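Just so you know, these numbers come straight off a predicted model, no measurement behind them. In each ligand, atom 1 is the first atom listed, and ligand 1 is the first ligand listed.
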Amino acid sequence: MDTTNLHTPCFILDEAELVRNIREFNAALQSKFKQSIIGYSVKTNSLPYVLKLVKDNGCYAEVVSYHEYSLALKIGFDRKHIIYNGPLKSRDTFLQAVCDGALVNVENWREIDWLRSLPKDKRYGVGIRLNINISKISPEDAACDDDDSRFGFSFESGEFQKAIADIAAIGNIDVVGLHSHREPKTRSVGFYQRVIAYVADIISQCHLSPDYWDLGGGFFGIMPGKPTYQQYVDGFYEVLPESLRCLKIIVEPGNAIVASAFDYWMEVIDVKHHDGKAFVCTDGTRNDVDPFFHKNDYFKEFVLTDSENRSRSSLPQVVSGLSCLEYDRLFQLPAESVSLKAGDRIVFHRVGAYTMVLSPLFIHYFPYVYVRNSTGLSLVREEWNENEFVIKNKY
Ligand SMILES: *Cc1c(COP(=O)(O)O)cnc(C)c1O
């Protein structure tokens with residue numbers, strides 16, 4: 001098939017782009033570190049086809065709930081190739097993952113309590129998440145005066161030291177890893193360097209000897225004017241004390257790997273004129289490309305039904321979505337732009353991160369997803385309809 005017979009609205013995954021991102025990030029890591037792992041952040045885009053691709057390309061699955069943990073197993077990730085983070089671990093999956101040798105980063109007190117129930121005749125290893133307050137560690141990257149975090153144990157409050165002591169007191173559990181994820185708006189290399197310096201100091205003060213250091217995610221993907229994978233990795237290496245450069249370095253990118261690999265296609269279905277504007281209605285929705293409703297513009301492109309002799313619109317054109325929400329408006333074209341008409345398509349690029357997974361089942365259900373690879377364009381997810389919507393309901 002080709003794009004003329006696509007069902008819209010839909011997402012299209014560019015398989016080669018996703019694989020290239022993984023390879024380039026891996027190549028950058030391997031240029032500096034003997035041991036490194038990419039843990040793909042499942043929450044960023046958990047389309048099963050994407051998970052299978054990242055698995056087949058050597059990534060671990062970074063999961064943050066018992067649902068995501070089970071999903072990773074269902075997709076076929078090796079039990080050891082799971083990085084288990086976040087507050088929503090269940091007791092059963094937490095203990096299972098620790099026993100299986102997954103990389104489990106303890107994030108709260110109840111998990112430390114669960115560790116006490118492990119059999120005493122064996123040794124186990126866990127990682128621990130350190131709390132990162134951006135305002136204190138890297139003020140220039142802070143989004144507000146008090147850019148604190150809900151996650152991990154705080155060194156300043158003394159809870160990190162207590163957590164380490166409590167784990168040691170259990171007797172058969174070693175702290176084998178550190179986890180320091182935080183995501184500043186700036187995504188700057190300098191931020192990661194300041195976090196590394198902060199954590200390295202704590203490792204030394206607490207006399208820890210971890211096997212791995214999980215630096216978290218939050219990196220830019222390849223984009224003009226933004227740091228490259230290599231610049232991030234060079235930045236990590238530069239500030240890591242010599243004694244820690246031999247650790248297994250883990251990164252947990254979501255956005256950096258998946259954002260550029262997806263496009264979204266919508267089609268104009270109608271145009272009305274009033275109040276000095278042309279209201280262009282499409283079959284897509286802002287929920288699908290900007291679920292937080294905070295973007296000002298998009299990487300977009302127009303595919304017109306007939307590009308010759310197109311008239312220009314004397315009125316500004318308000319391009320809006322399918323929903324009944326007044327604010328489901330995507331962008332406005334100024335007067336004298338090409339006049340859009342039914343059948344024209346609008347393509348949004350770089351929309352793979354935090355889009356499909358945040359689409360609500362609101363008015364229109366989950367859209368079609370296609371993949372483009374060496375065999376052409378093919379469907380990998382049907383549009384959801386009323387049959388999927390009623391699953392697990394009694395009525
Ligand atoms: C969300 C998250 C990531 C991925 O963040 P991106 O901005 O998509 O790279 C990595 N690690 C943890 C713990 C997260 O919560």
Side-chain angles (χ1 to χ4, degrees), residues 18 21-22 24-26 28-29 36-47 50-51 54 59-69 71-72 81-89 94 97 102-108 111 126-134 141 143 147-153 177-189 191-192 195-196 199 212-223 226-229 231-233 235-236 249-262 290-292 294-295 350-358:
L18 187 94
N21 291 344
I22 294 171
E24 288 190 14
F25 211 151
N26 259 328
L29 287 163
S36 61
I37 294 170
I38 295 182
Y40 171 70
S41 162
V42 168
K43 72 163 191 277
T44 308
N45 188 325
S46 45
L47 184 78
V50 166
L51 299 182
V54 301
C59 298
Y60 286 28
E62 188 266 332
V63 300
V64 287
S65 71
Y66 54 87
H67 286 303
E68 287 189 350
Y69 174 80
L71 175 63
H81 291 185
I82 293 183
I83 303 168
Y84 201 178
N85 290 329
L88 195 62
K89 305 176 185 89
F94 172 85
L103 303 166
V104 182
N105 293 316
V106 168
E107 129 80 21
N108 57 36
E111 293 170 8
V126 292
I128 183 165
R129 181 160 179 177
L130 183 65
N131 182 269
I132 303 290
N133 180 322
I134 300 185
D141 293 287
D147 201 348
D148 59 7
S149 167
R150 304 193 285 124
F151 303 110
F153 294 99
L178 274 156
H179 182 210
S180 55
H181 172 76
R182 204 55 215 286
E183 192 161 337
K185 277 218 163 58
T186 59
R187 303 177 186 268
S188 73
V189 175
F191 167 77
Y192 292 94
V195 169
I196 288 172
V199 179
Y212 72 83
W213 185 342
D214 182 340
L215 291 163
F219 315 108
F220 278 114
I222 296 168
M223 239 207 299
K226 304 296 183 192
T228 60
Y229 303 136
Q231 284 168 329
Y232 280 117
V233 171
F236 307 156
I249 297 297
I250 302 176
V251 289
E252 302 169 339
N255 178 73
I257 285 191
V258 85
S260 63
F262 277 89
D290 181 25
F292 296 120
H294 64 193
K295 289 186 185 164
R350 306 188 67 91
V351 290
Y354 304 102
T355 47
M356 303 171 59
V357 282
L358 285 161

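At least one donor-acceptor pair under 3.5 Å links the side chain of Asn21 to the backbone N or O of Ile257.
Inclusion of Gly254 in the set of residues having an N or O under 3.5 Å from an N or O of ligand 1 is warranted. Remark: ligand 1 and Ser41 share no N or O pair separated by less than 3.5 Å (distance only, no angle test). Geometrically, ligand 1 and Asn85 share no nitrogen or oxygen pair separated by less than 3.5 Å. Checked against a 3.5 angstrom limit, the closest N/O atoms of Thr44 and ligand 1 fall inside it. For ligand 1, one of its N or O atoms has an N or O atom of Gly218 under 3.5 Å away. Between Arg129 and ligand 1, no pair of N/O atoms sits closer than 3.5 Å.
Within 6.0 Å of the OH atom in Tyr66, the count of heavy atoms belonging to other residues, nucleotides or ligands does not exceed 12. Within a 6.0 Å sphere centred on NZ of Lys295, heavy atoms belonging to other residues, nucleotides or ligands number more than 12.
Residue-level proximity to ligand 1 for Asn255 is carried by backbone and side chain together, each with a heavy atom below 4.0 angstrom. Using a 4.0 Å cut-off between heavy atoms, Arg187 contacts ligand 1 through its side chain alone, with no backbone atom that close. Under 4.0 angstrom from ligand 1, the non-hydrogen atoms of His181 all belong to its side chain.
Less than 6.0 angstrom separates the ring centroid of Tyr192 from the ring centroid of Tyr232. Between Phe25 and Phe219, the ring center distance clears the sub-6.0 Å criterion.
Atom 7 (O) of ligand 1 has its closest protein heavy atom at Glu183 OE2, 2.6 Å. Atom 6 (P) of ligand 1 has as its closest protein heavy atom Tyr354 OH, 3.3 Å. For atom 10 (C) of ligand 1, the closest heavy atom belonging to the protein is Glu252 O, 3.2 Å. The protein atom (non-hydrogen) at minimum distance from atom 15 (O) of ligand 1 is Lys43 NZ, 2.6 Å.
If you number the atoms of ligand 1 from 1 as listed, the ones under 4.0 Å from a heavy atom of His179 come out as 13 (C).
From Leu88, atom CG reaches atom CG of Asn108 across 10.0 Å, with rounding to the nearest 0.5 Å.
With salt bridges taken as basic N to acidic carboxylate O contacts below 4.0 Å, none links Asp141 and Arg182.
Side chains of Asn255 and Glu183: a donor-acceptor N/O pair is absent below 3.5 angstrom, by distance only.
At a threshold of 4.5 Å between non-hydrogen side-chain atoms, the residues Met356 and Phe262 count as touching.
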